[in-house]
Amino acid sequence: MTSRVPEPIIRYTTALLLGLGVMAGGIYVGDAQLDANKLAAAQRNEYVQAAAADPDTSLEVKLAMVWAQFYESSMQHVGYAYVDRNGRGQPLTVCAGITGPEVLAGKWYTPNDCYELEKRRYLEAERVAPQHLRYWSSYDPFARATFLDFLHNKGAENFSTSTMKRKANAGDLAGACRENPRWNKGTVNGARVVLPGLQIRGDANSEICSSWRLQEAG
């Protein structure tokens, strides 16, 4: 079966895990054939290296941050705020999808500024996740990372009333994972429409949450 996870997500995930020395344990990351040169370039990516080297973040936070860097900016640094017209009420956005009072028009955000802003948001998502998810401690880091991505991208308020949360807390993790593709719409010119980027993200998170697992060495 062809993976629904974009090849760059598989590649940058593999690069991150190699940087952490986790791959020796055996990681399933889909069925894509990774180009050796592209994988080597991904390992040299400054954001991947920063995430791998950060002693203050869990594996699930590292994963979610690297994925967001691809989904929000195609692994490119976005240092000046711009108006996001697709599905977010046209707020100022900077870095990898960061909005809010910290985002100021005309200010230049360095790569380190962006990393710290993004990290703060994901640490907050990680803080509240166990409050919403009864079985959080039993989930694999890949599954946890998809929930963190949802909380960061869609917000805790949306998650609190979602079927995804209800299924997860009923012990149906697989069913909760399959809810991701339903969150594919945004508001454009006052109308709710399917956004291709959100569809790709939801399809990928569904597969990652359901199928990707860390494995013990040996």
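Taking the six-membered ring for Trp and thresholds of 30 and 60 degrees, Phe150 and Trp183 have ring planes more than 60 degrees apart, a perpendicular arrangement. The aromatic rings of Phe142 and Trp212 stand perpendicular to each other, their planes meeting at an angle above 60°, with 30° marking the opposite boundary.
Contact between Ala145 and Ala64 at its shortest, heavy atoms only, is O-CB, 3.8 Å. Nearest approach of Arg144 to Ser138, heavy atoms of both residues: NH2-N, 4.4 Å. Heavy-atom minimum distance, Gly79 versus His77: CA-NE2, 3.5 Å. What you find for Phe147 and Ala168 is that their closest heavy atoms are CZ-CB, 4.4 Å. Closest heavy-atom contact between Asn169 and Arg134: OD1-N, 2.7 Å. Shown here for Pro6 and Ile200, the closest heavy-atom pair between the two residues is CG-CG2, 3.6 Å.
Side chain of Lys62 to backbone of Ala51: a donor-acceptor contact under 3.5 angstrom is found. In this structure, the side chain of Gln49 engages the main chain of Gln43 through a donor-acceptor pair within 3.5 Å. No donor-acceptor distance shorter than 3.5 angstrom exists from the side chain of Ser74 to the backbone of Gln76, with no hydrogens or angles considered.
Distance check: Trp67 CH2 to Asn205 CG gives 6.5 Å after rounding to the nearest 0.5 Å. For the atom pair Ile208 CD1 and Asp203 CG, the distance stands at 11.0 Å (nearest 0.5 Å). Note that CG of Leu151 and OG1 of Thr146 are 9.5 Å apart. Values are rounded to the nearest 0.5 Å. Between the NZ atom in Lys38 and the OG1 atom in Thr14 there is a gap of 13.5 Å [rounded to 0.5 Å]. We find the CE-CZ distance between Met75 and Arg11 to be 9.0 Å, quoted to the nearest 0.5 Å. Separating the CG atom in Leu123 from the OG atom in Ser58 is a distance of 7.5 Å, to the nearest 0.5 Å.
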Before giving the answer on side-chain contact (heavy atoms from CB on, under 4.5 Å), spell out for Ile98 and Val103 the whole-Å C-alpha distance, their side-chain angles and the decisive distance to 0.1 Å. CA-CA 7 Å; Ile98 296 295; Val103 183; 3.9 Å; yes
Please assess Asn153 against Leu198 for the test side-chain contact (heavy atoms from CB on, under 4.5 Å), listing each intermediate value before the final yes or no. CA-CA 10 Å; Asn153 189 240; Leu198 290 182; 3.8 Å; yes
Please report the C-alpha distance between Glu124 and Arg127 in whole Å, then the side-chain angles of each, then the deciding distance to 0.1 Å, and finally whether the salt bridge (charged side-chain N to carboxylate O under 4.0 Å, His left out) criterion is met. CA-CA 5 Å; Glu124 175 61 16; Arg127 185 187 70 80; 2.7 Å; yes
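In this structure, Tyr139 and Leu173 have side chains that are in contact, with non-hydrogen atoms separated by less than 4.5 Å. Counting heavy atoms from C-beta on, the side chains of Leu195 and Asn184 never come closer than 4.5 Å. Side-chain atoms of Arg120 and Glu102, non-hydrogen and from C-beta on, do get closer than 4.5 Å to each other.
Side-chain rings of Tyr109 and Tyr80 stay apart, their centers remaining 6.0 Å or farther from each other. In this structure, the ring of Phe70 has its center no less than 6.0 angstrom from the ring center of Tyr12.
Trp108 and Val78 are assigned to two separate hydrophobic clusters, defined by single-linkage of ILVMFWY side chains at heavy-atom distances under 4.5 Å. Residue Leu117 is grouped with residue Val83 when hydrophobic side chains (ILVMFWY) are merged at heavy-atom distances under 4.5 angstrom, including chains of intermediate members.
For Arg201 and Asp149, the salt-bridge test passes: some basic side-chain N is under 4.0 Å from an acidic carboxylate O. Under 4.0 Å is where a charged nitrogen must lie from a carboxylate oxygen, and between Glu179 and Arg182 at least one such pair does.
The closest side-chain donor-acceptor pair between Tyr115 and Asp54 falls under 3.5 angstrom.
Relative to the ring axis of Tyr122, Lys119 does not place its NZ or CZ within 45° and under 6.0 Å from the centre.
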